[in-house]
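A quick write-up on the structure given underneath.
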Amino acid sequence: MSGLLPTPSLHTARLRLRAFEDADADDLFALHSSAHVLRYWDAPPWSEPVRAERFIAACRRMAQEGTGARPAVERVSDGAFIGWCGLSGWNPHHRSASLGYCFDDAAWGHGYATEAARALLRWAFDTLDLNRVQAETDTRNLASARVLEKLGFVREGTLRENCVVNGDVSDSWVYGLLRRDRRPPSEPAPTR
């Protein structure tokens, strides 16, 4: 890979995306230890607080190795940590990466995931010169599917029984967003 990829510091009207700090460990642990928040994840909720420290270290390592960027997301109004949004698997040769995000359930329904991901995608396409970003979501997670579709992602297929979520075999939808299909946030989605 290409070496250091600093975690972007981005701002929107309501959010600040920034590098994780050691002080985020307790909030991060609370987020990832919630069975409700992680009900569609292919990994169980965290039970050990040290997992948060490892996650933060992995975010820093990802930036140092140049394989991705995973910033923390906080609300501008009160500075509260509400989740994270990241790009992983950055491949400069193929100009591609994968999008992921996780937000506290109290932040759901306010458009924060869409707003944070839109800012990160704008940075990624403009700074990293990406051609494609991919995302996957459990087929039961309709809220996450809506976020991706609001961002302009196109559902490209279904990975049948590709993971086990809370002991249940689960399907995932694969989404892709190409550079040529990006649109400004105020522009409506094209009709099909």
Side-chain angles (χ1 to χ4, degrees), residues 5-20 24 27-28 31-32 34 37-43 55-56 58-59 62-63 67-77 79-91 95-156 172-190:
L5 178 64
T7 300
S9 180
L10 305 168
H11 292 81
T12 70
R14 303 181 303 159
L15 304 174
R16 180 174 168 241
L17 284 71
R18 57 163 176 78
F20 270 99
D24 294 320
D27 290 331
L28 182 62
L31 175 69
H32 276 273
S34 168
V37 169
L38 298 185
R39 71 184 182 273
Y40 298 121
W41 282 60
D42 58 356
F55 183 95
I56 292 169
C59 292
M62 186 185 308
T67 59
R70 189 183 295 143
V73 179
E74 65 184 21
R75 254 189 324 255
V76 170
S77 63
F81 171 89
I82 60 170
W84 59 266
C85 183
L87 289 168
S88 61
W90 176 51
N91 185 320
R95 297 174 44 219
S96 64
S98 295
L99 175 70
Y101 44 82
C102 185
F103 285 83
D104 183 78
D105 56 349
W108 294 353
H110 299 281
Y112 294 137
T114 304
E115 189 173 328
R118 182 172 284 126
L120 188 63
L121 288 167
R122 187 177 311 117
W123 171 81
F125 279 106
D126 295 346
T127 302
L128 303 180
D129 192 32
L130 294 183
N131 183 60
R132 175 186 170 79
V133 177
Q134 182 169 307
E136 292 180 19
T137 188
D138 188 297
T139 57
R140 298 167 296 176
N141 193 345
L142 300 180
S144 185
R146 279 193 301 276
V147 166
L148 295 170
E149 290 165 4
K150 281 190 252 178
L151 292 166
F153 280 79
V154 173
R155 188 183 312 163
E156 298 176 331
S172 294
W173 284 321
V174 177
Y175 283 84
L177 177 62
L178 302 180
R179 170 182 287 282
R180 69 173 181 252
D181 295 334
R182 285 178 61 215
R183 61 183 183 274
S186 60
E187 185 179 316

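On a predicted model such as this, the values are computed, not experimentally measured, just so you know. Starting from 1, each residue takes its place in the sequence as its number.
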[X] side, atom [atom1]; [Y] side, atom [atom2] - distance, nearest 0.5 Å:
X     : Y      : atom1 : atom2 : result
Tyr40 : Leu142 : OH    : CG    : 7.0 Å
Ser96 : Asn91  : OG    : CG    : 5.0 Å
Arg95 : Leu178 : CZ    : CG    : 10.5 Å

Indicate yes or no: does [X] engage [Y] in a salt bridge with an N to O separation below 4.0 Å.
X      : Y      : value
Arg179 : Asp129 : yes
Glu156 : Arg132 : yes
Asp105 : Arg39  : no

Looking at side-chain heavy atoms only, is the closest gap between [X] and [Y] below 4.5 Å?
X      : Y      : answer
Phe153 : Val133 : yes
Cys102 : Leu31  : yes
Tyr175 : Gln134 : no
Leu15  : Leu10  : no
Leu120 : Leu17  : yes
Trp90  : Thr67  : no
Phe81  : Asp104 : no

Discussion item. Does Leu128 form a side chain to side chain contact (heavy atoms under 4.5 Å, CB included) with Trp123? I'd like the steps, not just the answer.
Written reply: CA-CA 7 Å; Leu128 303 180; Trp123 171 81; 4.0 Å; yes
Nearest heavy atoms of [X] and [Y], plus distance in Å:
X      : Y      : answer
Phe103 : Ala116 : CZ-CB, 3.9 Å
Leu130 : Ala97  : CD1-CB, 4.1 Å
Ala119 : Thr12  : CB-CG2, 3.7 Å
Glu115 : Ala13  : OE2-N, 3.8 Å
Leu99  : Leu87  : CA-CD2, 4.0 Å

Practice prompt. Quick one: sort the Phe55 and Phe20 rings into parallel, tilted or perpendicular, breaks at 30° and 60°.
Written response: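 Correct class here is perpendicular.
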Fill in: His32 and Trp41 aromatic ring geometry - parallel, tilted or perpendicular at 30°/60° bounds
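Taking His32 first and then Trp41, their aromatic rings stand perpendicular (interplane angle over 60°).
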Discussion item. I'd like to know if the side chain of Tyr101 reaches the main chain of Ser144, judged simply by a donor and an acceptor atom lying under 3.5 Å from each other, with no hydrogens or angles considered.
Written reply: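 Between the backbone of Ser144 and the side chain of Tyr101 there is a qualifying donor-acceptor contact (under 3.5 Å).
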Discussion item. Could you check whether any side-chain N or O of Trp173 sits under 3.5 Å from a backbone N or O of Arg155, counting only pairs where one atom can act as donor and the other as acceptor?
Written reply: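 Side chain of Trp173 to backbone of Arg155, a donor-acceptor pair under 3.5 Å: no, none is there.
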Would you tabulate the side-chain donor-acceptor contacts of residues 70-77 under 3.5 Å, counting partners in other chains and residues two or more places apart, or write 'none'?
{"unit_1": "Glu74", "atom_1": "OE1", "unit_2": "Arg18", "atom_2": "NE", "d": "2.9"}
{"unit_1": "Glu74", "atom_1": "OE1", "unit_2": "Arg18", "atom_2": "NH2", "d": "3.2"}
{"unit_1": "Glu74", "atom_1": "OE2", "unit_2": "Arg16", "atom_2": "NH1", "d": "2.8"}
{"unit_1": "Arg75", "atom_1": "NE", "unit_2": "Asp78", "atom_2": "OD1", "d": "3.1"}
{"unit_1": "Arg75", "atom_1": "NE", "unit_2": "Asp78", "atom_2": "OD2", "d": "3.4"}
{"unit_1": "Arg75", "atom_1": "NH2", "unit_2": "Asp78", "atom_2": "OD2", "d": "2.9"}

